[in-house]
Number of protein chains: 2
Amino acid sequence: MSLAHAILTALNERPSSGLELARRFDRSIGYFWPATHQQIYRELRDLERDGLIVEVADGGGRGGKRTYAILEEGRDELRRWIAAAEDPKHIKDSLMVRVRASSSLGGDLLPEIRRHREIHARQLAEYEAIEKRDFQGALSEIRRRQYLVLQWGLHLQKARLDWADAAIEQLETLSASRGEGPIAQDPMIHDPKGTS
Amino acid sequence: MSLAHAILTALNERPSSGLELARRFDRSIGYFWPATHQQIYRELRDLERDGLIVEVADGGGRGGKRTYAILEEGRDELRRWIAAAEDPKHIKDSLMVRVRASSSLGGDLLPEIRRHREIHARQLAEYEAIEKRDFQGALSEIRRRQYLVLQWGLHLQKARLDWADAAIEQLETLSASRGEGPIAQDPMIHDPKGTS
DNA sequence: GGAGCCATGTAACCCGTTACATGATTAC
DNA sequence: GTAATCATGTAACGGGTTACATGGCTCC
C-alpha cells in the first residue's frame, strides 16, 4: 500500500509529470521503492481521483505532458502515514533459497555468488560516489535525513558484500576437498527436532 | 516465479502436507521466502498438475491430510533453477521512504525507528540462538551450506540494527537542538543537479 | 453435542510485470 | 517526410493478501 505514498513524497519535493517521476524512481526514492511508468500512471490517476493531487499546466491527453502537484489533503495523508506503525517486511531472496536447495541437491553456486558479489560491489561504489558528491561537509537538516536513507543503502550493500566474500571462501575450501556433484542421496536432512 | 522452487526445495528435504509446509515456511526457508497456506495450496495443485510432485498416502479431499513428495522431474527443475542466473531483487523498504518523506515534511520518526530496532534485535537474537543450537562444532557439508543461509540472516539483522542505532543517535542530536515540527515550508528541496 | 483445533480450500481484490499501442515533438 | 525520442496510456496475466467457508478429529 505505499507506492502511492512514495509518489506523494516525490511530488511533495517537486511537482512532476509521470515520466519525470519514473525517471526519479530510477534513482533516490526508487532505490527503496522501485516502480515502472505503468504503475506510476495508474497510481497518479487514482491519486487525482481521490483528491490528493491535482494536474497543473494541463497539456491534453495522449502524448501531451501532464504535470501533477500535491494537495494539502495529500500532505495530510503523508503525515498520517509517516507517523503510522508499520512492521518491516520480510525480504525475499532467491539466492538464499537456492543455497538451501543446493544443500540437499548439490550443484555449484560459486559462479552465481561471485556474480552477485560484483553486482553489490558496483552498487556500493555507486552509493559511495553519491555520498562523496552530495553529502560532504556541513548538511542542512533536510539533507541529513536524506543522508540517513543513503546510509542504509551503504550498510545493506556492505553486508551483502561481506556475506558473499565469506560464502565464496567457505565454498572454495569445500570444493577443494572433493569433486562437485550431489551432496546427498537421501532427501532427508539432519534435523534433530523436525522443525526445519 | 520462485515460490514453486521454494516448495520443491522443502519437499526435496522431506515429503509434507500443505499445512506442514506452511509451518515450515514460518521458519527456515520462510525467513527468505515467506508464504501463506493459501499460496502453498495453489502452488501444490499447479506443481502436481505439471508432474513435478505427487500426492502420496492420499487422505481424500476437504479436511483430509494430503501428503506430497517430489518427483525426479521436480528435482531436474530444481537443479536447472539452482544453476540459472538471477539478479538480486530490489528491496522495498517503507521505513526508508518515510524517512525520505519526513525530510521535506517533518514528523518525528524516532519512536518508529526505535520500535524497528527492537524487532531486529529480537530477530538477531533468534538467529543467534539457532546458530548456537544447531551449528556448533564440526558440520557436514549439507549443514555448512545451511549455515551460509543463516549467516546471511545474521549479517542482515546486524546491518539493520547498526543502521537503526546510528539513525537514532543522529536524530536525537538533531531534535535536541530544536523543537519538532515541519522542517521546510518550501516543498522544493536542495537538489543541485535536479536529479534527485 | 459443543468448543477448539487441524486441514484444505474459494473468492475478491490489489499490485507488479510484460507487451504493446498511440500521440506529440524534434532533428535531419 | 521520416526516424527517433518523449510521453501517456491499455490489456492481460500472475502472484500476494485478506476474508471467509467447509470438513474432520479430539476432548470434555
Practice problem: Please confirm whether the backbone N or O of B:L110 pairs with a side-chain atom of B:D108, one donor and one acceptor, at under 3.5 Å? | Solution: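 Confirmed, B:D108 side chain pairs with B:L110 backbone.
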Quiz prompt | Main-chain N/O of B:L148 paired with A:W163 side-chain donor or acceptor, under 3.5 Å | solution =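 Between the backbone of B:L148 and the side chain of A:W163 there is a qualifying donor-acceptor contact (under 3.5 Å).
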Rounded off to whole Å, could you give me the [atom1]-to-[atom2] distance for the [X] and [N] pair?
X     : N      : atom1 : atom2 : answer
A:K89 : C:dC15 : NZ    : C1'   : 14 Å
B:Q39 : C:dG9  : CD    : P     : 16 Å
B:Q38 : D:dA21 : CD    : P     : 14 Å
B:I7  : D:dG15 : CD1   : C1'   : 12 Å
B:E86 : C:dT17 : CD    : P     : 13 Å
A:H37 : D:dT5  : NE2   : P     : 16 Å
B:E55 : C:dT8  : CD    : P     : 9 Å
A:E43 : C:dT17 : CD    : P     : 13 Å

Exercise. For A:E20 and for B:D46, find the nucleotide of DNA chain D with the closest heavy atom, then tell me which residue's nucleotide is more 5'.
Key: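 Between the two, 5'-proximity favours A:E20.
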Quiz item: Touch check for B:K92, heavy atoms < 4.0 angstrom, all strands: base, sugar-phosphate only, or nothing?
Solution: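 The residue B:K92 makes sugar-phosphate contact but no base contact.
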Quiz item: So, A:H116 and A:E112: side-chain donor and acceptor under 3.5 Å apart, yes or no?
Solution: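 Result is yes, a qualifying pair exists.
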Exercise. State, without any angle test, whether B:Q39 and B:R42 hold a side-chain donor-acceptor pair at a distance under 3.5 Å.
Key: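 No pair is found: no donor N or O on one side chain lies under 3.5 Å from an acceptor on the other.
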Exercise. Could you tell me whether B:R49 and B:D46 have a side-chain N and a carboxylate O separated by less than 4.0 Å?
Key: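 Judged by the 4.0 Å cut-off on N to carboxylate O distance, B:R49 and B:D46 do form a salt bridge.
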Counting side-chain heavy atoms from C-beta on, which of [options] comes nearest to [X]?
X     : options               : value
A:T36 : C:dT8, C:dT18, C:dG16 : C:dT18
B:S17 : C:dT8, D:dC6, D:dT18  : C:dT8
B:K65 : C:dG9, C:dT18, C:dA7  : C:dA7

Quiz item: Under 4.0 Å between a side-chain N/O of B:Y41 and OP1 or OP2 of C:dT8, yes or no?
Solution: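 So the side-chain polar atoms of B:Y41 do come within 4.0 Å of the phosphate oxygens OP1 or OP2 of C:dT8, strictly under.
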Quiz item: Does C:dT8 have OP1 or OP2 sitting under 4.0 Å from an N or O in the side chain of B:R45?
Solution: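 Indeed not, no polar side-chain atom of B:R45 lies that close.
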Quiz item: Is B:R42 side chain donor-acceptor paired with the D:dG16 base, going by distance under 3.5 Å alone?
Solution: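 Flag set: donor-acceptor pair detected.
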